[in-house]
Amino acid sequence: MRVRVSDWDSMHPQKEIAQIVVSALQSAIAAEDLPRVGDVTATVERPKNSDHGDYSTSLALTLASSMRMAPRDIASKIADAVSPSSLVCDVSIAGPGFINFKLDDGWLRSQVNVIRESGVEFAHLDVGAGQKVQVEFVSVNPTGPLHIGHVRGAAIGNGIANILEAAGYDVQREYYVNDAGNQMRIFSESVYVRFMQAQGKDMELPAESYPGEFVAELGKDLYGEFGNDLDGMSAHGVMSVIGPQALSKTLENIRSTLGRMGIEYDEWFSEQSLISGDDFDNSLDLLKERGYVSEREGALWFLGTKMGLESDSVIIRSEERGPSYFGTDIAYHYNKFVKRGFERVINVWGADHHGHIARMKAVVDSLGVDPDNLTIIINQIVNFKKGDETVRFNKRKDNFIAADDLLDAVGPDACHYIFLERTPGTHMEFDLELAKKETSENPVFYVQYAHARLCAILRSAAERKIAFEDGDVSLLTNAHELALMRRLNELPDVIARSAEMLEPHHMPHFAYEVARELQRFYEACRVISSDPADAELTKARLLLVDAARIVLAGTLNIMGMNAPERM
RNA sequence: GCGCUUGUAGCUCAGUGGAUAGAGCGCAGCCCUGCGAAGGCUGAGGUCGUGGGUUCAAAUCCCGCCAAGCGCGCCA
């Protein structure tokens, strides 16, 4: 028999209990209390109803048919075989055959000290085992500032990267800069026309152009900087000077917006470098070698149909023989997997690119890389709501709202929280008024307020010169104290699940639950007491408050948010 | 037409094939001589879009249908 617990390697309660279940099952079988079975996966979940304990497994129900026994009988054999541990104080059988586990109060209390000693790292895992993972996100064309729709991808990509880091992966954050191809040429031409207009020349934008204000300003600025030096130069010459300048200014604009969100990239990867270097040629050679390329109608095609796709796609266009966007994307993924050796790549894309997923997976496959190593996360577009009115934006018409406007209006923290709170697949509605509200209607505020309140208590203790380092956690016996400790110790489970499923939305939900448990505790348990008889209890509760502060701040930080000490 | 995504409380959203489907907001009511009331407690509110199927067990998996969003280029 082979028993699989899960893929997790490091210590957290859920996984510990899964191991307890597996050992119990194995020893019950060894003792011939239960029949032998084939492969078994032991899943331990957190029951919805807290009356059912802290953790629960339906293993007995799953085994019932293969063991030809009543589920409750199997459950009781497993439960009897559970060996004692400091983690669990009670194992019981309930319902049709669930085995429920209750965490030991003493263990929960000891964790207060563990959290205070190790900081939020107490919840960090080694499931990633240092595996090289790349998270590529935002990657908006550098032809203008980010708009509000891009902020969701930024929050999600950054959140996933932070979570994977906490789970022990070696994470690289990357922005793919589309600085080659058609779009870039049109951008350069638009900037050039605006540049000439700033000079007073009567010139009109070509049919294909970026008519926006941003490009107009860019042309004006560049004229201010370079106008005199470029006098009398050919159009081509001028463009070759101001084109790259316009690009770097635009990238600087994007970088600064992301910087406001606290997002820093390890690499801004140039599309052009794939062509000027040898990645494009090498990836093409590899595909040719493996038989996935053919020439037809003057163009070079990727034979997607050979991989089960509906159609083939152009790699090199017939007319000017330039690589298509898809062509360079092949080279880009070749570079990621083959050249740079990422074991796993996660791309966060907007919903308008979902048609590209199957193609990209097929490309990776045909390059000889397991397509499962490429995960593409699609975030649906966002509707913004102001009161009852839906705010529409449209890039073509240039009436889009800049990401910076959103950050000005509601702040980076609210953006992180609200975008992370919903799963990427929801066609979500962002309520602008709510995000701004400084009341408990707004979960962002509720959570940050809870943290500020903890800090206020600790400040107050400091002012009263209460030293609590030597406090005794065994005095923490109140139901609200225990409920809070239970919650704090979920963080490793939450990180494990978020990392495994690549689902950042568990983080804000957890942060909210911590804040709520905290407010209940605060309401029920006076922390700093003026009664000398309570001096020891005060110290113990301050230890708990400090541990809660560490967990809440750590959670917010993983979400890319600040944990304010005052508000 | 084809493909992808979504459909759960009045609204915004969670929900790992499992136990009585949850939370927030909103609504009704209640609670503070002290650490931050920017808070806490209680209650009402559901044909899980719809029709079949698989299963000991389905909001969850499979198929059909309906509705919404997005995409189907030698654009990126």
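Chain letters run A, B, ... following the sequence lines, proteins first, then strands; residues in each count from 1.
- Residue contacts for A:R541: at a heavy-atom cut-off of 4.0 Å it reaches no nucleic acid atom on any strand shown.
- Using a 4.0 Å heavy-atom distance criterion, A:A452 is classed as a base contact.
- Note on A:A299: a base of the nucleic acid sits closer than 4.0 angstrom, heavy atoms only.
- In this structure, B:rU47 makes no Watson-Crick or G-U wobble pair, since no nucleotide meets both defining distances under 3.5 angstrom.
- Comparing B:rC2, B:rU20, B:rA38 by their closest approach to the side chain of A:N49 singles out B:rU20.
- When each of B:rG18, B:rA76, B:rG15 is scored by its nearest atom to the side-chain atoms of A:H506, the top-ranked nucleotide is B:rG15.
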So A:R296 and A:D312, salt bridge (Lys or Arg N to Asp or Glu O under 4.0 Å) or not? Walk me through it.
-> CA-CA 11 Å; A:R296 185 201 315 157; A:D312 298 337; 2.6 Å; yes
Return a table of donor-acceptor pairs under 3.5 angstrom between the side chains of residues 507-515 of chain A and protein atoms on other chains or two or more places apart.
| residue | atom | partner | partner atom | Å |
| --- | --- | --- | --- | --- |
| A:H509 | NE2 | A:E421 | O | 3.2 |

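- For A:S56, taking side-chain heavy atoms from C-beta onward, the closest of the listed nucleotides B:rA19, B:rC75, B:rC13 is B:rA19.
- The P atoms of B:rG51 and B:rA58 are separated by 16 Å, rounded to the nearest whole Å.
- When the C1' atom is compared between B:rG45 and B:rG10, the two are found 9 Å apart, to the nearest whole Å.
- Residue-level contact check: A:S460 touches the backbone only, with heavy atoms under 4.0 Å from sugar-phosphate atoms and none from bases.
- Along RNA chain B, the nucleotide nearest to A:I528 and the one nearest to A:A94 differ in position, and the one closer to the 5' end is contacted by A:A94.
- Within 4.0 Å of A:E513, counting heavy atoms only, lies no atom of the nucleic acid at all.
- Nearest to the side chain of A:F98, among B:rC74, B:rA37, B:rG18, sits B:rG18.
- With a 3.5 Å ceiling on both atom-pair distances, the Watson-Crick or G-U wobble partner of B:rU42 is B:rA28.
- Distance check on atom P: B:rU8 versus B:rG15 gives 14 Å, rounded to whole Å.
- Residue A:E565 is in base contact, counting any heavy-atom pair closer than 4.0 Å across all strands shown.
- Close to B:rC35, at under 4.0 Å from its OP1 or OP2, lies no side-chain N or O of A:R459.
- For B:rA14, one of the phosphate oxygens OP1 or OP2 lies less than 4.0 angstrom from a side-chain nitrogen or oxygen of A:T423.
- In this structure, CD1 of A:I378 is placed 10 Å from C1' of B:rC70, rounded to the nearest angstrom.
- A:T426 comes within 4.0 angstrom of the backbone, heavy atoms only, and of no base.
- Within 4.0 Å of A:N100, counting heavy atoms only, lies at least one base atom of the nucleic acid.
- Toward the 5′ end of RNA chain B lies the nearest nucleotide of A:A456, the other residue of the pair A:A456 and A:S65 mapping further downstream.
- The same atom, P, is picked in B:rA28 and in B:rA67; the two are 38 Å apart, to the nearest Å.
- Ring pair A:Y176/A:Y332 is parallel by interplanar angle, where below 30° counts as parallel and above 60° as perpendicular.
- Taking the charged nitrogens against the carboxylate oxygens, A:E136 and A:K336 do have a contact shorter than 4.0 Å, which makes a salt bridge.
- Nucleic acid contact for A:R566: base, since at least one base atom lies under 4.0 Å from a heavy atom of the residue.
- Residue A:K48 places at least one side-chain N or O closer than 4.0 Å to OP1 or OP2 of B:rA19.
- Taking atom NZ of residue A:K386 and atom P of nucleotide B:rC11, one finds them 24 Å apart after rounding to whole Å.
- The nucleotide B:rC61 finds its pairing partner in B:rG53, both defining distances of the Watson-Crick or G-U wobble pair being shorter than 3.5 Å.
- Checked against a 6.0 Å centroid threshold, the rings of A:Y175 and A:F137 do not count as neighbours.
- The phosphate of B:rC35 (OP1 or OP2) has no side-chain N or O of A:R453 nearer than 4.0 angstrom.
- Distance from the side chain of A:H509 is smallest to B:rA14 among B:rG34, B:rA14, B:rG69.
- The NE2 atom of A:H427 sits 5 Å away from the C1' atom of B:rG69 (whole-angstrom rounding).
- In this entry B:rG1 has B:rC72 as its Watson-Crick or G-U wobble partner, both defining distances falling under 3.5 Å.
- Summarising the geometry, the separation between CD1 on A:I357 and C1' on B:rC70 is reported as 12 Å, rounded to the nearest angstrom.
- Between the side chain of A:H354 and the base of B:rG3 there is at least one donor-acceptor pair of N/O atoms closer than 3.5 Å.
- Nucleotides B:rA44 and B:rC62 have their P atoms positioned 36 Å apart, rounded to a whole Å.
- Counting non-hydrogen atoms under 4.0 angstrom, A:R422 reaches the backbone sugars and phosphates but no base.
- Judged by Watson-Crick or G-U wobble contacts below 3.5 Å, the nucleotide B:rG7 has B:rC66 as its partner.
- Note on A:R317: a side-chain N or O is less than 4.0 Å away from OP1 or OP2 of B:rC75.
- Picking from B:rC25, B:rG71, B:rG36 the nucleotide with the shortest atom distance to the side chain of A:Y449 gives B:rG36.
- For B:rG40, one of the phosphate oxygens OP1 or OP2 lies less than 4.0 angstrom from a side-chain nitrogen or oxygen of A:Y446.
- Under 4.0 Å is where a charged nitrogen must lie from a carboxylate oxygen, and between A:E500 and A:R497 no such pair does.
- A salt bridge is defined here as a Lys NZ or Arg NE, NH1 or NH2 lying under 4.0 Å from an Asp or Glu carboxylate O, and A:E433 with A:K386 fails to meet this definition.
- At a threshold of 4.0 angstrom between heavy atoms, the contacts of A:Y512 are confined to the sugar-phosphate backbone, with no base atom among them.
- Atom P of B:rG22 sits at a distance of 15 Å from the matching atom of B:rU47, rounded to the whole Å.
- Phosphate contact (OP1/OP2 of B:rG15, side-chain N/O of A:H505, threshold under 4.0 Å): present.
- Base contact: A:C525 has a heavy atom under 4.0 Å from a base atom.
- Side-chain atoms of A:R516 lie closest to B:rA23 of the nucleotides B:rU16, B:rA23, B:rC35.
- At a threshold of 4.0 Å, the pair A:R185-A:E189 counts as salt-bridged, since one of the basic side-chain nitrogens sits closer than that to a carboxylate oxygen.
- Across B:rG71 and B:rU12, the matching P atoms stand 22 Å from one another, rounded to whole Å.
- For A:E523 and A:R520, the salt-bridge test fails: no basic side-chain N is under 4.0 Å from an acidic carboxylate O.
- Across all strands shown, B:rC13 pairs with B:rG22; the Watson-Crick or G-U wobble distances both stay below 3.5 Å.
- Relative to the side chain of A:E45, the nucleotides B:rA76, B:rG69, B:rG18 differ in distance, and B:rG18 lies closest.
- The side chain of A:E310 has B:rC2 as its nearest neighbour among B:rC2, B:rC35, B:rG69.
- Within the nucleic acid shown, A:L61 comes within 4.0 Å of at least one base atom, counting heavy atoms only.
- Comparing B:rU60 with B:rA21, their P atoms are spaced 15 Å from each other, to the whole Å.
- Of all nucleotides listed (B:rC13, B:rG34, B:rC74), B:rC13 comes nearest to the side chain of A:M428.
- Both thresholds, 5.5 Å between centres and 30° between ring planes, are met by A:H52 relative to the base of B:rA19, so the two rings are stacked.
- A:W349 has its ring centre no less than 6.0 Å from the ring centre of A:H354.
- Note on A:A358: nothing from the nucleic acid sits closer than 4.0 angstrom, heavy atoms only.
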